[in-house]
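Reviewing the structure listed below.
Lettering of chains follows the sequences in order, A, B, ..., and the numbering in each one begins at 1. All values derive from a computational prediction rather than experimental measurement.
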Amino acid sequence: MNLFADLRALVVAELTAMTSEGALPPGLDFANVAVEPPRDPAHGDMATNAAMVLAKPAGLAPRAIADALAARLARDPRIKEAAVAGPGFLNLRLSDLVWQKIIHAALTQGADFGRSSLGAGRKVNVEFVSANPTGPMHVGHVRGAVVGDALSNLLAFSGHIVTREYYINDAGAQVDVLARSAYERYREANGLSPEIREGLYPGDYLIPVGEALKARFGDSLLNQPEEVWLMQIREIATELMMAEIRGDLAALGVRMDVYSSEKALYGTGQIESAINSLRDAGLIYEGVLEPPKGKTPEDWEPRIQTLFRSTAHGDDVDRPVMKSDGSWTYFAPDIAYHFDKVNRGFDELIDIFGADHAGYVKRMKAAVSALSGGRVPLDIKLIQLVKLYKNGEPFKMSKRAGTFVTLRDVVEQAGADVTRFMMLTRKNDVALDFDFAKVLEQSKDNPVFYVQYANARINSVLRKAAEAGIDVSDATLAAADLSILTHPAEIDMAQAIAEFPREIEIAARGNEPHRIAFYLYELASEFHGLWNKGNDETTLRFVQDDKATTQAKIALARATGVVISNGLAILGVKPVEEMR
RNA sequence: GGCCCCGUAGCUCAGGGGAUAGAGCGGCCGCCUCCUAAGCGGCAGGUCGAUGGUUCGAAUCCAUCCGGGGUCACCA
């Protein structure tokens with residue numbers, strides 16, 4: 001249940017009734033009518049801007065509309081009081097029963113509390129990670145992986161059918177480099193000294209690949225020209241790297257539904273057919289691009305290339321799809337890949353890229369717009385850098401020497417749950433600081449700990465009650481008489497719980513999983529506050545002498561726990577039962 | 001130079017058409033005979049980068065400008 005949606009429906013229904021009774025002129029658009037909690041709780045539990053939004057188009061004074069609406073809304077049993085305030089806000093105070101019902105709903109719906117039908121079964125493809133299969137995942141990939149995974153969870157929870165997808169760049173020059181690097185390690189495995197030339201991948205992670213190649217080929221590929229071994233070694237090395245990456249993803253708790261291969265697009269006519277589709281739309285032509293604005297690269301020279309008229313779909317310049325030597329650019333298979341996604345029937349595409357791909361956004365959107373006839377929206381989330389620290393000191397990584405901070409390093413030091421939560425404590429387009437010391441700190445400075453601590457306290461109180469012989473199963477708690485929960489602090493807690501379904505929808509609408517992390521922090525804060533009020537006001541403690549009272553209070557705690565669990569599940573974080 | 005992101009409290013950041021702009025850290029003052037004080041409450045701290053515009057209403061939308069970062073022709 002979504003209280004906010006229910007109340008908005010009520011307001012719209014009353015406005016509609018007013019229209020049919022002639023109190024409002026016909027044909028008004030209610031789309032901008034909002035029902036939200038006011039920023040200042042002193043104003044009430046809920047407020048609507050209906051009168052102010054409608055005043056002008058209706059040709060009526062806002063207060064006149066507000067007064068009439070207030071009188072109607074006050075007849076609803078959920079509404080205790082409807083008062084007009086300020087320039088025409090209508091503030092609603094809700095009956096305690098409304099909040100008690102929220103607690104009941106959380107207990108009966110359990111893991112489904114907060115679930116939304118917003119997506120209405122729309123099929124969404126989320127492409128993320130898509131790290132080149134040339135080595136283990138490093139820290140730069142972690143954030144995108146977590147955001148993509150959490151976003152997928154969020155969309156699934158809000159009624160979308162989600163496909164999580166990884167695009168393997170296994171066709172470009174970088175996999176040839178991988179193969180050559182692996183060949184050197186193969187020579188090394190055969191007792192020769194490897195020549196890790198400039199431009200090859202120096203990382204130790206290729207040593208086992210060399211050994212695997214030796215096990216497979218013995219010394220038969222030694223002293224052979226590249227033509228003999230390049231293709232097979234490329235294939236084997238890519239496969240081994242992908243196995244590595246799958247393991248990395250598993251360590252982070254990230255699951256993919258589909259792995260798509262760039263290489264598989266070649267030789268099947270898929271690239272040609274995607275480009276032809278653009279050609280049929282008159283968007284492919286032979287031409288020469290202008291030199292880039294500003295500083296022109298020294299070696300710039302005009303070339304005739306096959307170009308995609310991406311400017312017809314919002315891009316700044318047209319983009320080459322074929323090099324002057326007749327081979328495809330990287331963009332071409334990417335167009336084909338997105339064409340494939342469109343053809344697989346997705347209603348919406350989401351790509352999660354590193355911020356260094358910002359320049360790629362417009363052309364990709366142009367391509368999808370052109371390929372789908374504007375039918376399929378593509379949202380691209382750019383993930384900003386993660387800056388690593390240890391005790392406030394920047395953590396450097398040197399790619400040159402082949403020593404970088406890997407995903408495994410991060411997960412081993414911080415743990416998957418902590419890592420995931422921290423990666424969601426900023427919106428994606430802002431850089432994020434990750435301090436290995438700080439994320440493991442057990443204080444409210446650390447949001448992961450703070451949320452987990454709230455959950456641990458809830459479990460502690462459940463254990464205490466159970467030890468006292470009180471039945472605290474969800475079924476029993478749901479059946480408890482919640483009408484004694486009328487203290488403002490308890491109502492506040494229930495209100496925070498009621499926010500959850502709304503927060504899910506807001507986050508899902510904007511593809512913004514970080515909102516859930518922030519929400520959970522606020523929810524935890526509300527709970528810690530309630531907990532501490534119990535120090536002064538013993539009637540606010542959860543465990544009371546009276547069994548029925550205890551069950552009602554525990555129901556509130558448990559409902560909070562349900563929301564924490566559901567929220568953490570979206571982030572892909574396991575709730576902690578007990579702090580140690 | 002073009003494009004993208006950012007600019008909100010001393011610091012790190014939420015909010016992103018609605019009423020008196022929020023949180024954490026740091027500072028100051030309080031709260032453990034009591035379910036975990038690993039916590040809570042209070043005080044101090046702001047021209048929401050600037051200027052114009054749209055609007056009943058702008059931190060939020062638009063334009064221009066100023067800072068900071070990223071990125072920029074056959075690479076992937």
Side-chain angles (χ1 to χ4, degrees), chain A residues 32 34 36 38-40 42-43 47 49 52-53 55-56 62 85-89 91 132 134 169 171-175 177 262 288-297 299-303 305-306 315-317 319-331 333-334 354-362 382 384-385 425-433 438 441-447 449-450 452-454 456-458 460-465 468 510 514-515 517-518 521-522 525 527-536 538 540-544 550 553-554 557 578-579:
Chain A
N32 289 328
E36 296 171 324
R39 189 174 286 170
D40 183 350
H43 290 133
N49 60 356
M52 283 180 297
V53 170
K56 198 171 187 186
F89 283 103
N91 292 326
N132 285 343
T134 54
N169 292 120
Q174 78 284 357
V175 283
V177 175
E262 178 189 3
V288 179
L289 287 175
E290 296 285 309
K293 300 273 194 289
K295 190 178 64 185
T296 304
D299 59 345
W300 193 89
E301 55 184 58
R303 298 187 191 92
Q305 293 171 281
T306 305
D315 201 357
D316 304 313
V317 289
R319 306 290 177 177
V321 295
M322 192 180 272
K323 304 177 198 172
S324 45
D325 68 2
S327 64
W328 298 116
T329 63
Y330 174 78
F331 190 32
D334 232 358
D356 56 339
H357 283 61
Y360 211 64
V361 169
K362 283 192 179 180
L382 294 177
Q384 286 290 342
L385 287 178
T425 54
R426 289 283 176 275
K427 53 185 172 190
N428 58 281
D429 40 21
V430 170
L432 181 151
D433 293 345
K438 216 164 189 178
E441 198 174 289
Q442 304 212 327
S443 77
K444 68 176 173 180
D445 194 15
N446 177 356
F449 166 77
Y450 189 74
Q452 294 283 26
Y453 184 37
R457 279 182 152 175
I458 290 164
S460 155
V461 108
L462 283 164
R463 281 194 304 271
K464 277 273 185 330
H514 74 276
R515 284 177 182 274
F518 280 93
Y521 186 86
E522 278 165 32
S525 176
F527 185 79
H528 289 307
L530 176 61
W531 179 283
N532 264 74
K533 282 204 178 74
N535 287 339
D536 300 327
T538 52
L540 282 176
R541 291 185 196 166
F542 296 99
V543 180
Q544 301 283 337
T550 301
K553 307 237 178 222
I554 295 273
E578 201 174 347
M579 306 306 300

Report which part of the nucleic acid A/Ser443 touches: base, sugar-phosphate, or nothing (heavy-atom distance under 4.0 Å, all strands). sugar-phosphate
Would you measure the distance from the C1' atom in B/rG17 across to the matching atom in B/rU55 and give it in whole Å? 9 Å
Quantified in whole Å, what is the P atom distance between nucleotide B/rC25 and nucleotide B/rC40? 8 Å
How far does the C1' atom of B/rC48 sit from the matching atom of B/rU20, given to the nearest Å? 15 Å
Identified stems (criterion: three or more consecutive Watson-Crick or G-U pairs, under 3.5 Å), RNA chain B: B:1-7 with B:66-72, B:10-13 with B:22-25, B:27-31 with B:39-43, B:49-53 with B:61-65
According to side chain to side chain donor-acceptor pair (under 3.5 Å), who are the partners of A/Ser460, at least two apart in sequence or on a separate chain? none
Select from A/Ala355 and A/Glu578 the residue whose nearest nucleotide in RNA chain B is closer to the 5' end of that strand. A/Glu578
Rounded to whole Å, the CG-P distance (A/Asn446 to B/rG39) equals 10 Å
Counting just side-chain N and O atoms, does A/Lys444 come under 4.0 Å of either OP1 or OP2 of B/rC25? yes
Please report the distance, rounded to the nearest Å, between CE in A/Met579 and P in B/rU36. 13 Å
C1' atoms of B/rG1 and B/rC61, separation to the nearest Å: 27 Å
Judged by each residue's nearest nucleotide on RNA chain B, which is more toward the 5′ side, A/Leu289 or A/Asp445? A/Asp445
Determine the interatomic distance between C1' on B/rC66 and the same-named atom on B/rA50; round to the nearest Å. 7 Å
Phosphate OP1/OP2 of B/rC35 contacted by A/Lys553 side-chain N/O (<4.0 Å): no
What pairs with A/Asp445 under salt bridge (Lys or Arg N to Asp or Glu O under 4.0 Å), at least two apart in sequence or on another chain? A/Lys438
Donor-acceptor pairs under 3.5 Å, side chain of residues 528-535 of chain A to any protein atom, not counting sequence neighbours: which ones?
unit_1, atom_1, unit_2, atom_2, d
A/His528, ND1, A/Arg457, NH1, 3.0
A/His528, NE2, A/Tyr450, O, 3.2

Using a 4.5 Å cut-off on heavy atoms from C-beta on, say whether the side chain of A/Thr306 contacts that of A/Pro320. no
Rounded interatomic separation in angstrom, taking CD1 from A/Ile458 and P from B/rG39: 16 Å
Measuring only between side-chain heavy atoms, which start at C-beta, is A/Thr329 closer than 4.5 Å to A/Lys323? yes
Starting at atom CH2 of A/Trp328, determine the distance to atom P of B/rC75, rounded to an integer number of angstrom. 13 Å
Are A/Ser460 and B/rU36 close enough that a side-chain N or O sits under 4.0 Å from OP1 or OP2? yes
Rounding to a whole Å, what distance do you find between A/Arg463:CZ and B/rU36:C1'? 9 Å
Is there side-chain contact between A/Ile458 and A/Phe527, with at least one heavy-atom pair below 4.5 Å? yes
Is the shortest side-chain N/O distance from A/Lys464 to OP1 or OP2 of B/rU36 below 4.0 Å? yes
Contact pattern, 5' to 3', of nucleotides 13-18 of chain B - B, S or - by protein heavy atom under 4.0 Å: SSSB-B
Qualifying residues under side-chain contact (heavy atoms from CB on, under 4.5 Å), relative to A/Asp316, sequence neighbours excluded: A/Lys362
Which residues pass the side-chain contact (heavy atoms from CB on, under 4.5 Å) test with A/Pro447, sequence neighbours left out? A/Phe421, A/Met422, A/Thr425, A/Tyr521
For nucleotides B/rA21 and B/rC29, find the distance between their C1' atoms and express it as a whole number of Å. 25 Å
Rounding to the closest angstrom, what is the interatomic distance between B/rA9 and B/rG15 at atom C1'? 15 Å
For A/Asn91 and B/rA19, what is the distance between atoms CG and P respectively, to the nearest whole Å? 12 Å
Listed by chain and number, what are the side-chain contact (heavy atoms from CB on, under 4.5 Å) partners of A/Thr538, not counting sequence neighbours? A/Arg541
Could you tell me which residues satisfy side-chain contact (heavy atoms from CB on, under 4.5 Å) with A/Asp536, sequence neighbours excluded, listed by chain and number? none
Residue-phosphate contact under 4.0 Å: A/Tyr360 side-chain N/O, B/rA73 OP1/OP2: no
Can you check the distance between B/rG24 and B/rG39, where both ends of the measurement are the P atom (answer in whole Å)? 12 Å
